[in-house]
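Each ligand, and each atom within it, is numbered from 1 in the order the structure gives. Just so it is clear, the structure is predicted and the values come from calculations on it, not from any experiment.
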Amino acid sequence: MIQRSVDPPVLEHGAIVDTDYALLIGGAWQSAASGAAFSVTNPATGERLAGVPDAGSAETQSAIDAAAVALPGWAATPAPVRAALLRKVATLMLERQERLATIMTLEQGKPLAEARGEIAYAASFLAWFAGEGERVYGQTIPASLPNKRLLVLRQPVGVVALITPWNFPAAMLTRKLGPALAAGCTAVCKPAEQTPLSALELGRLFVEAGFPPGVVNIITTRDPVAFADTIFADDRVRKVSFTGSTEVGKELIRKSAEGVKRLSLELGGNAPFIVFNDADFDAAVKGAVASKFRNTGQTCVCANRIFVQRGIYERFATAFTAEVAALKVGNGLDPETKIGPLIDAQALEKVRWHVGDAVAQGAEVLIGGGPYDLGHRAGHFWTPTVLAQATPAMLVAREETFGPVAPLIAFDSEEEVIRMANASPYGLAAYFYTRDVSRVIRVAEALEYGIVGANDALPSTAQAPFGGFKQSGLGREGGPIGIDEYLEMKFVSLGI
Ligand code: SIN
């Protein structure tokens, strides 16, 4: 059954009225052949927002077919033409920012102001990589023989599969699609089942901007394993980019072995946030709140362990707790809200488990410590929580909590805190606050992390590489290097 999606759904009183979303395959909107669909719900209220098709392997296969057919034409399209189309989508995103942000808040829960910020952040990846696509330079290399010329060409890797998470439903898609499309690749995208609407809304803009059919395809499914098996079994898919858990990332590494597919993986973190005695105190407190509670603590780069040097520990705990007390919990559509719901019941249970473990091991709850009761509404809310006397042995310090819980751990020396900060299998983001310039360099060099914020709690930006050391992933997204992930390098030796 083919459905042409003509008019975008109407937003009315915070609910999506027209709920007919469809898969985007080869430029056409269609439902799953089986007719299967699943509901997208609002994590703040438990209400159903919309239905989306529950695609199986057949639809994924059709999307790969469409991407493979579109590939030669798109790869041969001049880079400035590809760039202009990408810039057009970025402009459309900013024109429709309010609508896109509202849909994101409805399906993901984040406060509307953060959702607006994410739309701008997401658009920036398209605009920035449009420019990078125009600067994919090759090389000529001096040969050692007079009758040879050595050339290095850079070409798109081919059809790529992009698997994106629910915590940044727009920005994680464009952080992959921007460089992929700018490089000349075609894509099969699979958004997370909790938040597919943002991706489908972006799909509409790619169609409206005039992208050729098949260049961008979007599959929604509740069966990520079938999706992964289909893309890994198909030789035409040359690369897979995934943002999500380390556990799933490892499984994708195993699956990629058979077809030797290229992988980019942006996986879990366990970010240390270090405050030295000599820090700009107010900036450190504000930075810790911003880093910890962004998206209700549901980012891979959120501060997970807050290390505070003993000389300022008590003062920091008091000031930080006062800031946290002012964070209003509620539905993200309420302009006062700073802390939205957790994505689902499972996420809430993980937070409960981590806090319970910390308290059992002697942590002191300075504020919060339990679910937040919004009265009449269903929803997965947790009261922003600060735990004093936390230790590295606690689950909150060993694993990513992915919720609004801040454990404060005291330390004495620089050497000790570096050792504790690096004692993790993860290495995505780390932060530290100090006014000592020599220490800035020493600590930045010593931290085994792909992203280091020195007196900066929010380092993410389209222009800089994003990715991790150790089990936090493979490759980098963003920055000049981000487009390399979607390019093959070909050496041509020319005899003359
Ligand atoms: C993430 O949590 O993976 C993305 C966060 C960011 O881009 O800052």
With heavy atoms and a 4.0 Å threshold, my read on which part of Arg294 contacts ligand 1 is side chain

Quick note on ligand 1: atoms under 4.0 Å from a heavy atom of Cys300 include exactly 1 (C), 2 (O), 3 (O)

Is the CD1 atom of Ile481 crowded by more than 12 outside heavy atoms at less than 6.0 Å? no

Taking only non-hydrogen atoms of Asn167 and a 4.0 Å limit, the atoms of ligand 1 in range are 2 (O)

Short version for Ser460: what comes under 4.0 Å of ligand 1, heavy atoms counted, is side chain

With heavy atoms and a 4.0 Å threshold, my read on which part of Leu458 contacts ligand 1 is neither

Contact (N/O only, under 3.5 Å) between Phe168 and ligand 1
no

Are the side chain of Arg305 and the backbone N or O of Leu408 linked by a donor-acceptor pair below 3.5 Å?
no

Tested for salt bridge (Lys or Arg N to Asp or Glu O under 4.0 Å) against Glu323, the lone hit among Lys286, Lys338, Lys292 is Lys286

One finds that the ligand 1 atoms under 4.0 Å from a non-hydrogen atom of Thr299 are 2 (O)

### Query
Does Lys176 make a cation-pi contact with Phe129 (under 6.0 Å, within 45 degrees of the axis)?
no

Near Tyr121 (heavy-atom distance under 4.0 Å), the atoms of ligand 1 are 6 (C), 7 (O), 8 (O)

| query | Less than 3.5 Å between some nitrogen or oxygen of Glu266 and one of ligand 1, yes or no? | reply | yes

Atoms of ligand 1 under 4.0 Å from any heavy atom of Met172, numbered from 1 in the order shown, are 4 (C), 7 (O)

Exactly one candidate in Lys239, Arg238, Arg262, Arg175 meets salt bridge (Lys or Arg N to Asp or Glu O under 4.0 Å) with Glu485; the answer is Lys239

The atoms of ligand 1 lying under 4.0 Å from a heavy atom of Arg175, numbered in the order shown, are 4 (C), 7 (O)

Please tell me if the side chains of Val301 and Tyr431 come closer than 4.5 Å, counting only heavy atoms from C-beta onward. yes

* **Cation-aromatic face contact Arg476/Phe466, 6.0 Å, 45 degrees** => no

Notebook entry, point to check: So, are Glu118 and Arg294 salt-bridged, with charged N and O less than 4.0 Å apart?
Noted result: no

